[in-house]
Asker: 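My structure is below; once you've seen it, I'll send some questions.
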Protein chains: 2
Amino acid sequence: MPYRKRQRSTPQRRIILEELQKVRSHPTASELYELVRIRIPKISLGTVYRNLELLAEQGTIKKLSACGKETRFDGVVNPHYHVFCCQCGRVDDVFDLPKGFPLETPEYVCGYRILGQRLEFFGICPKCNSCPRDIQHEPPKEKE
Amino acid sequence: MPYRKRQRSTPQRRIILEELQKVRSHPTASELYELVRIRIPKISLGTVYRNLELLAEQGTIKKLSACGKETRFDGVVNPHYHVFCCQCGRVDDVFDLPKGFPLETPEYVCGYRILGQRLEFFGICPKCNSCPRDIQHEPPKEKE
DNA sequence: CTGTCTGCAAATGGTTTGCACCATA
DNA sequence: TATGGTGCAAACCATTTGCAGACAG
């Protein structure tokens, strides 16, 4: 049980959370910064980072660390999975898993006491798929 | 089919690959750099990065991007999964999946044409687990 | 009042890149 | 000898942090 210092409620923290929960695009810190800046023009990027970290620690939001070099954030914390487009970097939610899924989380794997698991899909999104091959909207993100 | 320029064989590239395939610790670029430096003292970190990138692109090695801020590399490319220790950052291979696994890769998910999937486990490794709680060998890495 | 939070700016640190020289095919 | 690769150092850029003033409780 990690020590957690008591925290205050600030308009910055509240609005960062509101804006994140309002979108379904899994924004990066900078993208969210731009959204929040509409409502709090003087907010700083550092504050956004600090609060996202804090909200993620307390489990109010989730970090998606596996989708390129910028961390993305997800305001929806009920269990679901993600699909990443290898071409344009888009991220979508997967609530309905294909048959064979979902998965139980095992208690132990290789001696590790398991706390969680992550399942992610990689592929080509419908938009990229409908374009001629080798023509990319954006440079491809890392695959695995 | 992405264009790939023809590449030469250099001692640097060969030895980077050899050293990576020799260890099972999923080293970071810097860790691998230290290993390679024993054999090629004058090699530069930039060369290590450039070659790891290249080897990953051609599928000879794999990038593990979801385990903290430093990218780790895996010289074993046959399909297997990973367990990450949330406390010390250790990464282990999982070749024997618990029942229910492994999973078929679906052809389509949410309209995406699926190229691959990634399943990862997070938990506490045996070493960390045997220590009193809240005493960490190293600062915790990000969880999810 | 006390201690947390913010804005600002500077620092960090992993990764990438420009360049001139080197070496493979 | 043409061109890809290397070492070196500087650049990049997402993220973190130190600090002084602001503000919540």
Side-chain angles (χ1 to χ4, degrees), chain A residues 3-17 19-20 26-34 36-58 60-61 63-73 89 138-143, chain B residues 3-20 26-34 36-58 60-61 63-73 89 91 138-143:
Chain A
Y3 169 69
R4 185 158 291 148
K5 69 182 164 191
R6 103 176 201 287
Q7 64 187 58
R8 298 177 175 171
S9 161
T10 65
Q12 285 88 339
R13 182 132 64 227
R14 201 176 324 118
I15 289 176
I16 286 169
L17 179 58
E19 291 300 316
L20 177 57
H26 312 90
T28 63
S30 318
E31 287 166 355
L32 196 51
Y33 169 61
E34 292 305 330
V36 173
R37 212 136 69 110
I38 296 169
R39 296 174 60 184
I40 315 179
K42 284 188 60 59
I43 199 170
S44 76
L45 185 53
T47 297
V48 174
Y49 272 107
R50 269 186 291 234
N51 279 298
L52 287 173
E53 194 56 46
L54 206 149
L55 290 165
E57 261 171 37
Q58 68 185 32
T60 309
I61 66 172
K63 273 180 163 183
L64 307 181
S65 319
C67 43
K69 58 196 318 177
E70 282 178 86
T71 301
R72 292 180 172 276
F73 295 87
E138 288 176 44
K141 304 291 161 80
E142 42 138 3
K143 282 201 287 288
Chain B
Y3 168 69
R4 184 159 293 148
K5 69 182 165 191
R6 105 177 199 288
Q7 63 188 57
R8 298 175 178 172
S9 159
T10 66
Q12 286 88 338
R13 181 133 61 229
R14 200 177 326 118
I15 289 176
I16 287 169
L17 180 57
E18 275 178 28
E19 292 300 316
L20 178 57
H26 312 90
T28 63
S30 317
E31 288 167 354
L32 196 51
Y33 169 60
E34 292 305 329
V36 173
R37 213 136 68 108
I38 297 169
R39 296 174 61 184
I40 315 178
K42 284 189 60 60
I43 198 171
S44 76
L45 184 53
T47 297
V48 174
Y49 271 107
R50 268 185 293 235
N51 279 300
L52 286 173
E53 194 56 45
L54 206 148
L55 291 164
E57 261 171 37
Q58 69 186 31
T60 309
I61 67 173
K63 274 182 165 181
L64 307 182
S65 320
C67 44
K69 58 196 317 176
E70 283 179 85
T71 301
R72 291 179 172 277
F73 296 87
V91 183
E138 288 176 43
K141 305 288 160 81
E142 44 138 2
K143 281 200 288 290

Asker: Given atom CD1 of A/I15 and atom P of C/dC5, what is their separation to the nearest angstrom?
Answerer: 16 Å
Asker: Taking CG from B/N51 and P from D/dG4, how many angstroms apart are they, rounded to a whole number?
Answerer: 15 Å
Asker: What is the distance, to the nearest angstrom, from the CG atom on B/L52 to the P atom on D/dG5?
Answerer: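 Spelled out: CG on B/L52 to P on D/dG5 is 14 Å.
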Asker: Rounded to whole angstroms, how far apart are CZ on B/R14 and P on D/dG4?
Answerer: 19 Å
Asker: Restricting to side chain to side chain donor-acceptor pair (under 3.5 Å), what partner residues turn up for A/S30, sequence neighbours left out?
Answerer: none
Asker: Could I get the full list of side chain to side chain donor-acceptor pair (under 3.5 Å) partners for B/E19, not counting sequence neighbours?
Answerer: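 Residues passing side chain to side chain donor-acceptor pair (under 3.5 Å) with B/E19: B/K22, B/R39.
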Asker: Compile the donor-acceptor pairs under 3.5 Å between side chains in residues 10-17 of chain B and protein atoms, sequence neighbours left out, one pair per line.
Answerer:
from  : atom 1 : to    : atom 2 : distance (Å)
B/T10 : OG1    : B/R13 : N      : 3.1
B/R13 : NH1    : B/N51 : OD1    : 2.6
B/R13 : NH2    : B/R8  : O      : 2.7

Asker: How long is the line joining CD of A/E57 and P of D/dT16, in whole Å?
Answerer: 11 Å
Asker: Quick one, give me the B/S/- string for nucleotides 15-25 of chain C, reading 5' to 3', where B means a protein heavy atom under 4.0 Å from the base and S means that only happens at the primed atoms, P, OP1 or OP2.
Answerer: BBBB----BBS
Asker: Among all residues two or more places apart in sequence or in another chain, which pass the side chain to side chain donor-acceptor pair (under 3.5 Å) test with B/T47?
Answerer: B/S44
Asker: Measuring from atom NZ of A/K69 to atom OG1 of A/T28, what distance do you get when rounded to the nearest 0.5 angstrom?
Answerer: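 A/K69 NZ to A/T28 OG1: 13.0 Å, rounded to 0.5 Å.
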Asker: Whole Å only: how far is the CD1 atom of B/I43 from the P atom of D/dT6?
Answerer: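 Spelled out: CD1 on B/I43 to P on D/dT6 is 7 Å.
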Asker: Please give, in whole Å, the distance from C/dT6 P to A/R37 CZ?
Answerer: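 Roughly 17 Å, once rounded to whole Å.
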Asker: For B/Y49, what residues pass the side-chain contact (heavy atoms from CB on, under 4.5 Å) criterion, not counting sequence neighbours?
Answerer: B/A29, B/L45
Asker: Take the protein atom CD of A/Q12 and the nucleotide atom C1' of D/dC23, then report the distance between them rounded to whole Å.
Answerer: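 To the nearest whole Å, that distance equals 10 Å.
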